[in-house]
Amino acid sequence: MHSVERAVAPPAPPRQPGTLAAAGDLLRALAAPVRIAIVLQLRESERCVHELVDALEVTQPLISQHLRVLKAAGVVEGERHGREVVYRLVDEHLAHIVMDAVAHAEEDS
């Protein structure tokens with residue numbers, strides 16, 4: 001019998017436990033469908049709460065709750081403009097994580 005030869009990649013460099021915990025926290029913050037939809041909306045442009053409510057067709061309290069989770073995780077930031085708070089993504093890398101997950105899910109559909 002012949003063994004199948006394949007290139008063996010070097011092991012991934014070890015990561016600090018705190019780094020891995022932070023990555024886990026980030027992924028948990030992105031784990032809800034509404035939060036994924038919010039990130040997709042904010043990927044297009046910054047938005048205020050009522051724009052997210054209209055786009056996603058969910059209630060204002062639900063959008064606000066999910067924005068609090070995303071803000072606490074460092075995914076979004078808000079800036080007050082008069083009576084409204086405008087939200088944006090903190091880092092474009094986060095949009096890539098979500099887009100890759102969505103694309104992967106669509107491949108399996």
For the hydrophobic clusters of this structure (ILVMFWY residues joined by side-chain heavy atoms under 4.5 Å, transitively), does one cluster hold both Y87 and V69?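 No, no single cluster joins them.
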
I want to check something: taking the side chain as every heavy atom from C-beta on, are [X] and [Y] in contact at a cut-off of under 4.5 Å?
X	Y	value
L26	V75	yes
R15	P13	yes
E92	H96	yes
L42	R88	no
C48	V85	no

Rounded distance (nearest 0.5 Å) linking atom [atom1] of [X] with atom [atom2] of [Y]:
X	Y	atom1	atom2	answer
Q41	R47	CD	CZ	4.5 Å
D25	L30	CG	CG	11.0 Å
I63	I38	CD1	CD1	4.0 Å

Determine the minimum heavy-atom distance between [X] and [Y], stating which atoms define it.
X	Y	answer
V49	S64	CG1-OG, 4.1 Å
V76	L67	CG2-O, 4.0 Å
A95	V39	CA-CG1, 4.2 Å
A32	H66	CB-CE1, 4.1 Å
Q60	V53	CA-CG2, 3.5 Å
K71	G78	CE-N, 4.4 Å

Requested in this report: Please list, chain by chain and in numerical order, all residues satisfying side chain to side chain contact (heavy atoms under 4.5 Å, CB included) with L40, sequence neighbours excluded.
Outcome: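 If we apply the side chain to side chain contact (heavy atoms under 4.5 Å, CB included) test to L40, skipping adjacent residues, the hits are I36, V98, M99, V102.
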
Original post:
Partners of H81 by side chain to side chain contact (heavy atoms under 4.5 Å, CB included), sequence neighbours excluded?
Top reply: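 In terms of side chain to side chain contact (heavy atoms under 4.5 Å, CB included), with neighbours along the sequence ignored, H81 is linked to E79, V86.
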
